[in-house]
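As structure tokens, the structure follows; a few thoughts come after it.
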Amino acid sequence: MPEFKSDFLRTLQERGFIHQISDESGLDDLFAKETVTAYIGFDPTAPSLHAGSLIQIMMLHWMQKTGHRAISLMGGGTGMVGDPSFKEEARQLMTVDTIEGNIASIKRVFSNYLNYGDGPKDALMINNAEWLRSLNYLEFLRDVGKHFSVNRMLAFDSVKTRLDREQSLSFLEFNYMILQAYDFVELAKRYDCRLQMGGSDQWGNIVNGIDLGHRMGTKQLYALTSPLLTTSSGAKMGKSATGAVWLNADMLSTYDFWQYWRNTEDADVSRFLKLYTTLPMDEIARLSALGGSEINEVKKILATEVTAILHGREAAEQAAETARKTFEEGGLSDNLPSVEVPAAELDAGIGLLSLIVRAGLAASNGEARRHVQGGAVRINDQAVSDERTVIGSGEITADGVIKLSLGKKKHILIRRAA
């Protein structure tokens, strides 16, 4: 890859964000000579994005940091269809109310990474429902649909993969790439947006938009994709053993978010410092050179820095202190995640397996049983080996809680609800 002259592309390159660019020299020249507007689309499939989306959000962050204008596009329109790219089956269709509720919930995260406003370099949050929901179908087919070749669309990897597996692809989903391409053209016309960014699985969709823009008379448009990330062991980013690593604090506690990054595999630490923190590159180089037991201290720095951007410095340091008390001092911290159990249930006694599942430490009684049989479960720091154990009010400590632990790193406080 060439040596870029623009701050934005140079920053993305040295931090490992770049997978493909449609026209490297052309885009570099554009960034070097003017303020560029670029966008990334986010479909509101849940009330929160998860850590797998952070690489995209960080790209928008660096866009603004290097003096350009970032657009976070909410898929209020495309969310009604669902992106079929590399999906084995169709997404569940959502109502307009669900989509709007998800967008309102997702929006809360972005202001931690971008400054929104009306200035020339302030970020914009736009909903593609503005233009998609009011489209006249026949006019759209005539004015936009005529520019698409079905043969070419069938050749895209995202579509071929689905068809090769003999999974049906509905006409509704097939339209998604047309709508995404049209988004790019609308943003180009309305906001002089010249670049669309996304994960490498979006390459075909983005290039479609560039081609449509060319046919519909926009300025030259560009594509930039980031690598689809997995951990060194092959796990998908944004997924943990207990489920999705949500960005909204009401769906995943600050402590659990911090702990996810603290548990980063050794081989991923340097890469994640570059992608997910704003630490200077020379500081990252210094931290990456540390080895042995010091790597654990670096993981704590990684966890605290990533958490500080999302949840604030104070909350991140509080999560780090909670972990220190719990793991290094063997103490109990009020900031550990907790689950409330009705007083009547605790007084009557609740089965250990049910309690483990309710606390989110296992997905089923069978999984909970395996944890107990493997010696991984402790109540108030005492190992429990009998899966038939009943937990009740008698286990509540002087701190007013029951500490339920799975292994060395997962602790839940069971609290008595009124």
Side-chain angles (χ1 to χ4, degrees), residues 40-61 64 70-76 78-79 82-83 91-92 94-116 123-129 198-199 229 235-264 272 275-278 302-320 322-323 334-340 358-361 363 410 412-413:
I40 298 177
F42 299 89
D43 271 344
T45 53
S48 171
L49 299 174
H50 60 65
S53 299
L54 267 184
I55 188 168
Q56 312 302 333
I57 298 173
M58 289 301 293
M59 287 165 79
L60 292 177
H61 169 84
Q64 187 171 54
I71 294 176
S72 47
L73 182 71
M74 297 289 108
T78 43
D83 184 359
R91 292 187 186 276
Q92 289 294 108
M94 298 180 291
T95 65
V96 171
D97 285 347
T98 300
I99 290 169
E100 293 302 329
N102 286 350
I103 288 174
S105 181
I106 287 169
K107 278 181 176 180
R108 302 200 303 263
V109 160
F110 280 88
S111 58
N112 299 312
Y113 297 86
L114 296 164
N115 294 318
Y116 290 93
L124 299 173
M125 182 166 286
I126 298 163
N127 188 336
N128 63 14
L229 281 190
K236 196 173 180 182
M237 280 303 297
K239 302 283 186 184
S240 72
T242 52
V245 182
W246 301 110
L247 301 185
N248 284 35
D250 56 350
M251 292 181 67
L252 186 77
S253 72
T254 303
Y255 173 82
D256 282 336
F257 184 79
W258 186 94
Q259 198 65 46
Y260 171 76
W261 297 98
R262 165 64 183 85
N263 293 337
T264 294
F272 288 0
L275 290 170
Y276 298 113
T277 80
T278 56
L302 168 67
T304 300
E305 290 301 316
V306 177
T307 306
I309 304 175
L310 177 61
H311 294 299
R313 178 70 55 185
E314 186 179 344
E317 290 176 352
Q318 195 173 61
T322 297
D334 283 340
N335 293 318
L336 283 170
S338 64
V339 171
E340 289 197 344
R358 188 178 298 191
L361 296 177
K410 293 179 182 172
I412 304 287
L413 301 183

Just verifying a value: how many Å separate [X] [atom1] and [Y] [atom2], rounded to the nearest 0.5 Å?
X: Tyr116; Y: Met125; atom1: OH; atom2: CE; answer: 3.5 Å
X: Leu60; Y: Ile40; atom1: CG; atom2: CD1; answer: 4.0 Å
X: Met58; Y: Tyr276; atom1: CE; atom2: OH; answer: 9.5 Å
X: Gln56; Y: Tyr113; atom1: CD; atom2: OH; answer: 13.0 Å
X: Gln64; Y: Ile71; atom1: CD; atom2: CD1; answer: 12.0 Å

Self-check item: Contacts of Thr264 that satisfy side-chain hydrogen bond (donor to acceptor under 3.5 Å, both in side chains) - sequence neighbours left out
Solution: none
Quiz item: If only atom types and distance count, is the side chain of Thr322 paired as donor or acceptor with the main-chain N or O of Gln318 below 3.5 Å?
Solution: yes
Quiz item: Is a side-chain donor or acceptor of Asp43 paired with a backbone partner of Thr45 at a separation under 3.5 angstrom?
Solution: no
Side-chain touch [X]/[Y], heavy atoms, less than 4.5 angstrom:
X: Leu73; Y: Thr78; answer: no
X: Ile309; Y: Thr278; answer: yes
X: Thr304; Y: Arg313; answer: yes
X: Phe42; Y: Ile106; answer: no
X: Phe272; Y: Leu54; answer: no

Practice problem: Please collect all salt bridge (Lys or Arg N to Asp or Glu O under 4.0 Å) contacts where either partner lies in residues 96-110, sequence neighbours excluded, each pair once. | Solution: Glu100-Arg133, Arg108-Asp250
Using side chain to side chain contact (heavy atoms under 4.5 Å, CB included) as the criterion, list what pairs up with [X], not counting sequence neighbours.
X: Ser48; value: Trp246, Leu247, Asn248, Met251
X: Asn263; value: Gln259, Lys409
X: Ser111; value: none
X: Asn102; value: Pro44, Pro47, Met94, Thr98

Search all heavy atoms of [X] against all heavy atoms of [Y] and return the closest pair with its distance.
X: Glu305; Y: Thr277; answer: CB-CG2, 3.8 Å
X: Asn112; Y: Leu310; answer: ND2-O, 3.0 Å
X: Ala308; Y: Ala316; answer: N-CB, 3.5 Å
X: Ala51; Y: Trp261; answer: CB-CZ2, 4.1 Å

Quiz item: Can you list the steps and then say if Leu361 with Ile412 is a side chain to side chain contact (heavy atoms under 4.5 Å, CB included)?
Solution: CA-CA 8 Å; Leu361 296 177; Ile412 304 287; 3.9 Å; yes
